[in-house]
2 protein chains.
Amino acid sequence: MQGVDPAWLPDEAFRPIGTRRTLIRGSGPLVDTVHGEVAEACVRFGGSVSRDGSPEPYDLVLELTGAGSGGGDGDEAFTFERGDGRTTVTASGGPGLLYGFFHVVRLGDAAFQGSWERAENRPELALRMLDHWDNVAVHPVMGQVERGYAGGSLFWADGRARGELLGRVRAYGRLLAACGINAVAVNNVNVHATEARLLTDRIGEVAEIAAALRPYGIRTHLSVTFAAPLVLGGLTTADPSDEAVRAWWAQATARVYEAIPDFGGYVVKADSEGQPGPFAYGRSHADGANMLAAALTAADSGSAAGYGGTVHWRAFVYDHRQDWRDRTTDRARAAYDHFVPLDGEFAENAVLQVKHGPMDFQVREPVSPLIGAMPGTRLAVELQATQEYTGHQRHVCWLGPMWSEVLRFRADGESAVGELARGGLVAVSNVGDDPFWTGHPLAQANLYTFGRLAWQPHADPRQILDEWIHLTFGTGPSAGLHAILDGSWRTYEKYTAPLGVGWMVQPGHHYGPSVDGYEYSPWGTYHFADRDGIGVDRSAATGTGFAGQYAKPWASVYESPDTCPDELLLFFHHMSYGHMLHNGKTVIQHIYDTHFEGVEEVEAAREVWASLVDLVDPARHARVTERFEEQLRSAREWRDQVNSYFFRKSGVPDAHGRRIH
Amino acid sequence: MQGVDPAWLPDEAFRPIGTRRTLIRGSGPLVDTVHGEVAEACVRFGGSVSRDGSPEPYDLVLELTGAGSGGGDGDEAFTFERGDGRTTVTASGGPGLLYGFFHVVRLGDAAFQGSWERAENRPELALRMLDHWDNVAVHPVMGQVERGYAGGSLFWADGRARGELLGRVRAYGRLLAACGINAVAVNNVNVHATEARLLTDRIGEVAEIAAALRPYGIRTHLSVTFAAPLVLGGLTTADPSDEAVRAWWAQATARVYEAIPDFGGYVVKADSEGQPGPFAYGRSHADGANMLAAALTAADSGSAAGYGGTVHWRAFVYDHRQDWRDRTTDRARAAYDHFVPLDGEFAENAVLQVKHGPMDFQVREPVSPLIGAMPGTRLAVELQATQEYTGHQRHVCWLGPMWSEVLRFRADGESAVGELARGGLVAVSNVGDDPFWTGHPLAQANLYTFGRLAWQPHADPRQILDEWIHLTFGTGPSAGLHAILDGSWRTYEKYTAPLGVGWMVQPGHHYGPSVDGYEYSPWGTYHFADRDGIGVDRSAATGTGFAGQYAKPWASVYESPDTCPDELLLFFHHMSYGHMLHNGKTVIQHIYDTHFEGVEEVEAAREVWASLVDLVDPARHARVTERFEEQLRSAREWRDQVNSYFFRKSGVPDAHGRRIH
């Protein structure tokens, strides 16, 4: 699109296809999408595309083999092979053909060289979803996009769906399809008054967005408020066991499917941070979720499988009005304590959406103990691409390695990742109406990496990174970009809260340091630093017992400071400043060292970026340069505040005599 | 007025006059106001009022003796005497007669008993002013009233002057006149875009407000932006030495006086917290102020004295983007450093408006060293009735004793208060459109006390308090109310930041504790607490030198911890937790003790209030009861956070073994 960054789909990426001869076989809307893509590339680069199958030689055949519906719920797998000078992609469904096409785009010239054995490529996770925390009406505190750092909403402006920019929504869908994402929720999980009505009289606006995304195989979802029957329906209760309530949801859902036949389903934040939920009626979260699940699979929907919708029920339930004086309550325990007793009670089309860590998207957390603890429930893991706690897309912080660690985590220490697969992978989107999509141009890497990891959770994130760099920037600056991005998450970790303790951010907006900012708050987010030490004792023996929520071996690994990994030590234990880490440093010296190193690493990355000035287009280079200035200022502020705080508290001087204010 | 609390002018206060026979002699608008007041009282209580002077016996004679203009700038003095069964008030000006009338109201029946020798009563300070920090347009962060805790603005709503409520503005003027206030600035010193235009095309709205206040002898002032010639006039500079700029101000001022002939003048916050000012043009603040002073005394105004307007130039100039690492910059020094070199350069009708302390309305500060250091300049002292740092009008905090300490302070340790008199006394108003005027009904005491202290700075604040209690509540609950209010400022001080160090508040809104909230900020507000001690070394010998800005004896009193008063110790010195105060306690034990005591005192005050339930009208009682619940919750939060913070830092246990979390 004009005026919008092409991201990982620059024209040049289509040259290998656009200069060749392509045959497309099959029909359906997504086949048409593929055809349109190939045709446009051919117009640009001089190749040809045919759908009639006349027997001239082709370099590329894209073939729909089965009865695939061609809709968003068709088979997503494809095969890829090359022999006799011809590259062939086959799929039994439209989505599979679309993904196969983008597979060829990613391979570039290599797709047309040598021979490739036939290989099937299918997503390991069926649901690969982005949640947008976008508000229709500008929220007085949170603005247009809650935790959004990339301008306004892509979907909403001036209080309604931005019809004039649906072309941009379509372009967004195209980018998502090219990295494998197949679902989007278009509004904030905190559903305010205006947004509640998207479910009913404003569903037409959602349908407009769905229509823009559909050509790229993306199903649209909606965040709804559990109180909808009260707020919108005029009922006196939202009790999930009330027949009138169930009937209201059934009717509302039927009207949604009239407007959007391939509607994906609901996302619900219930009994969480002030949102309404089933607790008000003495019902369980399974009761609440199952009511919506039933509405989404109505028997009278005309299909054996019903509407085929899914309810995404968030497990982010905890006491956000905690008394900081109360050391017996541990927010980290909350999701497990609330949900594990409900295992097996959730409907088949209900997905429990669990944040990857037990707290809330800190730069370092252990993996949530819920993952692996609910074998009878479809779990989806929720990641956060939007950089709420990782630098607001002003800081370079490529999250691939963190997400990969989560996805490779084995709850029992042995089994494969498969346990995630049933519910899928979800990320909070980092995209807005910014010309670079993500504010910081390098934050596009997080979006791309998320999609590719959702497709293949075992993939090496560094290969994905290189893939993204190559597509987006070409080969020229690739070594420099890899150097800047690869370690950027650990760099960010170094200059912020140490050793897994988290939360040393400015309250409210969560940007920049405030070591005690959440220490005496009701949010359950404490570090308990005193003159002798810091950290939260979450052991079973002497602490809150959170460590005991894990299966073996993790319960015992985390239980003792002797075995707990350094990077999570203060998450699980309150340690003295003089405690010797496995890395051979004391806690306090580690704090000093990492904070000095973190800033030095930002300085080095900025230098590398500066050296790429002739290899990156000027607008993109200028934007990143400006962001690096702010990142460096902020990193120094983090370093100095954290070091000063702990020096004042501990009285221990830096072993290397560096300046601490 | 219906639906609005009568405050210190309940109907009953007019019974002594309203049951008697009154003669009013003289003419003019303010005499008409007095006549209207007496007539209304007589309608209610059966007395009589005459203006023709027929020779029947009178209980009260209110007589304008001189040629007094009857306008807002007439003589404000009056005489009061009683003999031969007749009470007589005389004045040479309408304002004097109005103040004399309210003097009789205050005295009540005593004004008509026994005999009183003739005594003249005149205000010691000519200017007794309230500044409203009201915005016309709701500010996205600060709302309708910046630092307002009493609902919306009294003057502005929905983006314009609230014509429908001008009756309420008039009632406000009446309350102010009854405690001696004679000037009001109607908009925020932070002048945003909408408010800037009050000076020009929207002056008519200001004139409406002025018309509502004029009958009670109150002159209206306007806050203006120094950048007005740029913002409103389309000029390319606001340089005060530029002829076009001076001409623009002259013309704008002429139009203001066409609309409001008794306009009081301008209030200016320049080069302060982001507001524009003369520094941008390399001019001094005297240059800036004098340009406006000249416009306000234009020679072509048709009067020998010119328009008679005054510019109030605020001395609140400091670096609000300070680096917390920089220990050489001390915000406390700023006003003195900026303004003392300019002494003698300000025009006669320019008033330099100085906050009472060197920082910003903390619950305890030393008196600003500017006071007494600029003999060639008219200084006005600015107090803050709105409780920005003293509990947001949710906490009882009667500021009379604090203000009295400021007014009794002698810069050289000896001379009288007179040095304040030339510029007057100003307070930031605590009033909004709340039915009780001030949110917390007991916060009315601050407004009343301010007016009475401005009239007579040496007055005993406790007598003023009793006067207010008696007028407002009658005699029934007076002992209880005195007990609640008298010590409430010291109670608040006890449970908040200790020993003069200040600033341990939540950033932004300034309500509730955050010990480190401003510690690493750019605002120049630090306490430097570490594991060994706390406080700011502002001595001349080893610190920032601020103590040396005072004349003797204060320079030497504050210079040494041995002589510095306990309550200011941490303002002037960094002390160890073990340092022994003059009160016989260590710093740390004093912190613990005062915080426990402060909460106990709130609990006791709440009990006293509860005991008054049958002596106070129910609505007022209910409102205060609700506020006490919040005050107690908040005071406990302060106690626990402050004690925990210092216990964690110092490691010193409470000597009495009380619970510290």
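Every chain is numbered from 1 and lettered A, B, ... according to where its sequence line falls, protein lines coming before strand lines. No experiment lies behind these values; they were computed from the predicted model shown.
- For B:Asp326, the CG atom is densely surrounded, since the number of other residues' heavy atoms within 6.0 Å is greater than 12.
- Listed in order of number, the residues of residues 650-661 of chain A that approach chain B to under 4.5 Å between heavy atoms are A:Ser650, A:Gly651, A:His661.
- For A:Glu637, the parts lying under 4.5 angstrom from a heavy atom of chain B are both the backbone and the side chain.
- Contacts of A:Asp640 with chain B are made by both backbone and side-chain atoms, with heavy-atom separations under 4.5 Å.
- Seen from the ring of B:Tyr645, A:Lys649 counts as a face-on cation partner, given the 6.0 Å and 45° thresholds.
- The distance from atom OG of B:Ser644 to atom CZ of A:Phe528, rounded to the nearest 0.5 Å, is 10.5 Å.
- Put simply, the side chain of B:Arg531 never gets that close to the backbone of A:Arg648: no donor and acceptor are under 3.5 Å apart.
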